[in-house]
Structure formats: C-alpha cells, structure tokens
Amino acid sequence: MQKIINQAQRFVRDEDGVTAIEYGLIAALIAVVIVGAVTTVGTKLNLIFTTIGNDL
C-alpha cells in the first residue's frame, strides 16, 4: 500500500507533463496570431495589387 501512495505522491509532484502542455498552448497561440496576421496582410496586399493592376 505504501508503494502505491509513494507513486501517487511522485505523480502529483511531477510537473514535466504540465510544462509540456503549457509550451504547446503557447506555440498554438503564437501560430494563431501568425495566421491571423498573414491573412490580414495577404488581403491588404491583394487589394493593393488589384488597384495597381486596374490603374495600369
């Protein structure tokens, strides 16, 4: 029984998995921001090139 309690206590104190999840969430958030920025810039560039093409 003591062995099970020791393993449970070690599992609760182990923070490696939590850290990996946090890094994963940060990476996902950064990816969402990058996708949003690229989409916005791409739309604006498309509008600019369309305007230039029409003027020519």
Side-chain angles (χ1 to χ4, degrees):
M1 184 66 171
Q2 186 63 31
K3 184 177 179 181
I4 295 173
I5 293 173
N6 288 340
Q7 287 178 342
Q9 288 175 342
R10 198 171 341 128
F11 177 76
V12 170
R13 282 181 288 188
D14 186 19
E15 294 183 2
D16 290 339
V18 175
T19 303
I21 291 171
E22 289 171 351
Y23 285 137
L25 290 173
I26 290 170
L29 179 62
I30 290 171
V32 168
V33 169
I34 289 172
V35 168
V38 168
T39 302
T40 303
V41 170
T43 303
K44 290 184 180 190
L45 278 177
N46 188 23
L47 180 63
I48 290 171
F49 284 122
T50 301
T51 304
I52 292 171
N54 290 338
D55 290 345
L56 290 175

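None of the values given here were measured: they were computed from a predicted structure. The first residue in the sequence is number 1, and the count goes up from there.
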Could you pull out all donor-acceptor pairs under 3.5 Å where a side-chain atom in residues 28-35 meets a protein atom, sequence neighbours excluded?
none

State the CD1-CD distance between I26 and E22, to the nearest 0.5 angstrom. 6.5 Å
Just distance, no hydrogens or angles: give the donor-acceptor pairs under 3.5 Å from side chains in residues 43-54, sequence neighbours left out.
unit_1, atom_1, unit_2, atom_2, d
T43, OG1, T39, O, 2.9
T50, OG1, N46, O, 2.7
T51, OG1, L47, O, 2.9
N54, ND2, T50, O, 3.3

side-chain hydrogen bond (donor to acceptor under 3.5 Å, both in side chains) partners of N6, counting only residues at least two apart: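 Partners of N6 under the side-chain hydrogen bond (donor to acceptor under 3.5 Å, both in side chains) test: Q2.
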